[in-house]
Amino acid sequence: MKASCFHLITLKETPVEAEIISHQLMLRAGLIRRLASGIYSWMPLGLRVLRKVENIVREEMNKSGALELLMPSVQPAELWQESGRWDQFGPELLRFHDRHQRDCCLGPTHEEVIADIFRRDIKSYKQLPVNFYQIQTKFRDEIRPRFGVMRSREFIMKDAYSFHVNQESLQQTYDLMYQTYSNIFDRFGLAYRAVNADSGSIGGSTSNEFHVLADSGEDAIAFSDQSDYAANVEMAAAISPQSERGQPEAELETIDTPGLHTIEDLAGKLDIDVKKCLKTLIVDSDDDGLVALVLRGDHELNPLKAERLPGVASPLQMADREKIKTILGNDIGSLGPIGLDIPTFVDNSASFVSDFICGANVNDQHLINANWGRDCDEPETVDIRNVQEGDPSPDGQGSLKILRGIEVGHIFQLGQKYSVAMQATVLDENGKSVATTMGCYGIGVTRVVAAAIEQNNDDRGIYWPDSLAPFHLAICPLNYHKSDDVKNTADQLYQDCLQRGIEVLLDDRPVRPGVMFSDMELIGVPHRIVLSDRGLKAEQFEYKGRRDEESQDINLTELSEFLDKLFN
RNA sequence: CGGGGUGUAGCGCAGCCUGGUAGCGCAACUGCUUUGGGAGCAGUGGGUCGGGAGUUCGAAUCUCUCCACCCCGACCA
């Protein structure tokens, strides 16, 4: 490709709408253009990257034996009513009707459609297992789309759905998909981690997420420093480093704490360790009342764990302040587990604290030297906190480290949730009709592009891994339009590269060298060759890798050999 | 959904308080010079000032209203 014929449009200044680095660079490098909130066009340069991602996914999925198909984005309401999700799905599902007033939606995912295809075509266990996939546009009407294509409303996803006659068969395909995903992310050339995960609203039991590691990632993932344990922080079981409670050493006292509402205020003012403070969170119960959750001062509540507790409203809802005042008689900020007359759950770690400080359930008063068992009943202990760096690994090996990641892949064992609802059945070897067992496997194709940038950028712009780069090699001829020597050499090199199948961008624009260099660095071309009169006189060309500190001068006679080495 | 903010040339912004010819930088176009790190000079084009209504002799500016977009929040216990 010649730069003069390519739609290469770069910005020096960062558009204000972009907050995170990948979004900024995607706009500056001209990969995408925004059309509406959360809706983007993929420009020629961006599309080249997107296709790289798609092709790697497609090749590896095909290799695994999965079959590609393509389902519609517009789907009839009937299917969604059948699965029950027409009502379950909130406003995220974009609904509309056609000219005949038939209800339709834009597909946020395709379980219903694939189940419908399945039940029409597949009648026998002999046709199983089978794994269908597509690379297709999804629409989810997010409350707040942000971060460019990282969380957009319209996006491209690879979604696969497998069907089985039993759990063993599902497990085999699930394991195969796990391996296939690992192969895919290896080929992307990105640092990633597979973790145990919550299956969320999709349903089902076992699930794993694949995260591209990046400090700016929205998810925290916990992994052991000594084993292969890795889980989303939402999922990781919290184990207290402490295993028993100390003996009470002091008498219970009530102290006045006017104006001290937060744990930080309290610990700071009284000069005590936040770990000695307990915080009491009040959430709605499932019968319009309240439930108290008690945590150590330095710990964070894990909402997913909490909403699974008996009697707690799901989804978890922090209680309204007025309601707390009405039922408990005092304000938040002075609450504590002692003498609290509502169902109370205490986090394991909090139950190990002795001589603790907590709210006195009287405004502007706290209790000090409080103790479980002595000053109130022994607590009902549960795991409701997020793990922290340094906690013991749940598998008993090593301790946990925390990294941030961007979720780009997720695989689930769905079981029979959809097949029962949609009557997707087959005849088994006994001639009996059984609901098929399903798995589903997603990769956020457009998100992979953003995640790759989020992980691979510097102050000059993007640096693509070779596998995702829109072009592999940039040829920058200096004085191309004045020097016949430079022009001829550059043209010849360009033709040579094309014949070798190298994806090459010849910068034949009549611009100054600095413009070429900064553009090629911004768009992230991994390799660059500079040709100049000065170099040619010395019978040399210059090479620089995108991440190299220094360029190197190489004899022209070695050019062919050099290209062989670089691109084979 | 709640709160905050912003809409002026393709991009980044000033002008608004105190109403009176719509500006600056980048980008684009033309010409000359320059040619190893986002060049210099000279010139050119490009705007229903987000939409509508109102006040006024006169509105980018004041008032009302609608729309769009951005950010924050849903953990003070």
Side-chain angles (χ1 to χ4, degrees), chain A residues 8-20 23-24 27-28 30 33-39 90-91 142-148 257 259-267 277-284 290-303 306 315-321 323-325 328 330-337 340 342 344 350 357-361 363-364 366 384-386 460-461 476-483 486 507 509-522 528 530-536 541-542 544 551 553:
Chain A
L8 189 63
I9 295 185
T10 57
L11 302 176
K12 273 193 220 176
E13 287 170 293
T14 304
V16 280
E17 70 199 66
E19 201 193 351
I20 61 169
H23 188 197
Q24 293 172 353
L27 291 172
R28 283 190 53 207
R33 290 285 178 251
R34 193 181 69 87
L35 177 64
S37 176
I39 301 181
E142 297 272 355
I143 301 178
R144 184 147 83 93
R146 51 184 149 171
F147 306 147
T257 51
L260 301 182
H261 299 308
T262 69
I263 294 288
E264 288 72 31
D265 288 348
L266 200 61
C277 300
L278 299 191
K279 58 180 172 186
T280 305
L281 309 180
I282 308 296
V283 299
D284 286 340
L290 299 176
V291 175
L293 306 173
V294 179
L295 291 160
R296 214 169 73 185
D298 59 324
H299 285 153
E300 281 188 348
L301 178 69
N302 178 315
L316 191 75
Q317 181 67 45
M318 299 307 291
D320 182 79
R321 291 173 189 215
K323 188 171 166 189
I324 292 173
K325 183 144 192 177
L328 298 179
N330 64 312
D331 288 312
I332 56 176
S334 300
L335 293 173
L340 196 60
I342 53 174
T344 302
I357 292 88
C358 64
N361 297 320
N363 275 353
D364 294 329
H366 279 77
I384 48 171
R385 71 175 173 95
N386 282 336
R460 294 177 170 183
C476 297
L478 307 189
N479 229 0
Y480 183 84
H481 294 271
K482 291 274 177 67
S483 163
V486 168
D507 199 342
R509 299 174 299 170
V511 294
R512 296 166 60 88
V515 177
M516 286 186 202
F517 297 156
S518 39
D519 275 348
M520 294 305 121
E521 284 165 346
L522 175 62
R528 182 184 84 189
V530 177
L531 296 169
S532 67
D533 278 318
R534 196 177 73 194
L536 292 180
F541 67 95
E542 177 194 295
K544 185 167 178 296
S551 60
D553 293 319

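Note that this is a predicted model, so its numbers are computed, not measured. In what follows, chains carry the letters A, B, and so on, assigned in the order in which the sequence lines appear, proteins first and then strands, with residues in each chain numbered from 1.
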When the [atom1] atoms of [M] and [N] are compared, how many Å lie between them, rounded to an integer?
N	M	atom1	value
B:rG20	B:rG12	P	26 Å
B:rU65	B:rC75	C1'	38 Å
B:rC70	B:rC26	P	29 Å
B:rG45	B:rC57	P	36 Å
B:rC41	B:rG25	P	11 Å
B:rA22	B:rC16	P	16 Å
B:rA68	B:rG51	C1'	10 Å
B:rA27	B:rU44	C1'	14 Å

Are any of the side-chain heavy atoms of [X] and [Y] separated by less than 4.5 Å?
X	Y	result
A:K544	A:E521	yes
A:I324	A:I282	yes
A:L293	A:L301	yes
A:F517	A:V530	yes

Value in whole Å for how far the [atom2] atom of [N] lies from [atom1] of [X]:
X	N	atom1	atom2	answer
A:R460	B:rG38	CZ	P	11 Å
A:E142	B:rC71	CD	P	13 Å
A:R512	B:rA39	CZ	P	6 Å
A:F517	B:rU35	CZ	P	15 Å
A:D533	B:rU34	CG	P	15 Å
A:K279	B:rC75	NZ	P	11 Å
A:M516	B:rG36	CE	C1'	10 Å
A:L27	B:rG10	CG	P	17 Å

Looking at every strand, decide which applies to [X] at a 4.0 Å heavy-atom threshold: base, sugar-phosphate, or nothing.
X	value
A:R33	nothing
A:I324	base
A:V294	nothing
A:S532	base
A:E19	sugar-phosphate

Go through the N and O atoms of the side chain of [X] and the base of [N], and report whether any donor-acceptor pair is under 3.5 Å.
X	N	value
A:R528	B:rG36	no
A:R146	B:rG73	no
A:N479	B:rG36	no
A:S518	B:rG37	no

Partner of [N] by Watson-Crick or G-U wobble geometry, both contacts under 3.5 Å, or none?
N	result
B:rG36	none
B:rC69	B:rG5
B:rC64	B:rG52
B:rC57	B:rG20
B:rA74	none
B:rG43	B:rC29

Under a plain distance cut-off of 3.5 Å, with no hydrogens placed, do A:N363 and A:S334 share a side-chain donor-acceptor pair?
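Note: A:S334 and A:N363 side chains miss the donor-acceptor criterion.
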Before you tell me yes or no, could you show the steps for A:R528 and A:E542 under salt bridge (charged side-chain N to carboxylate O under 4.0 Å, His left out), namely the whole-Å CA-CA distance, both residues' side-chain angles and the distance that decides it to 0.1 Å?
CA-CA 8 Å; A:R528 182 184 84 189; A:E542 177 194 295; 3.5 Å; yes
Selected nucleotide, minimal atom distance to [X] side chain, candidates [options]:
X	options	value
A:S37	B:rC69, B:rC72, B:rU35	B:rC69
A:E521	B:rG38, B:rG37, B:rC75	B:rG37
A:L301	B:rG38, B:rG36, B:rC75	B:rC75

Residue whose closest nucleotide on RNA chain B lies nearer the 5' end, A:L281 versus A:L478:
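Nearer the 5' end of the strand: A:L478.
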Toward the 5' end of RNA chain B, by each residue's nearest nucleotide, A:D553 or A:S334
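Checking each residue's closest nucleotide, the 5'-ward one belongs to A:D553.
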Do NZ/NE/NH1/NH2 and the carboxylate oxygens of A:R509 and A:D519 come within less than 4.0 Å?
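A:D519 and A:R509: salt-bridged.
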Taking only side-chain nitrogens and oxygens of A:K12, does any of them come within less than 4.0 Å of OP1 or OP2 of B:rA27?
yes
Using only atom types and a distance under 3.5 Å, with no angle test, would you say the side chain of A:K279 pairs donor to acceptor with the backbone of A:H299?
yes
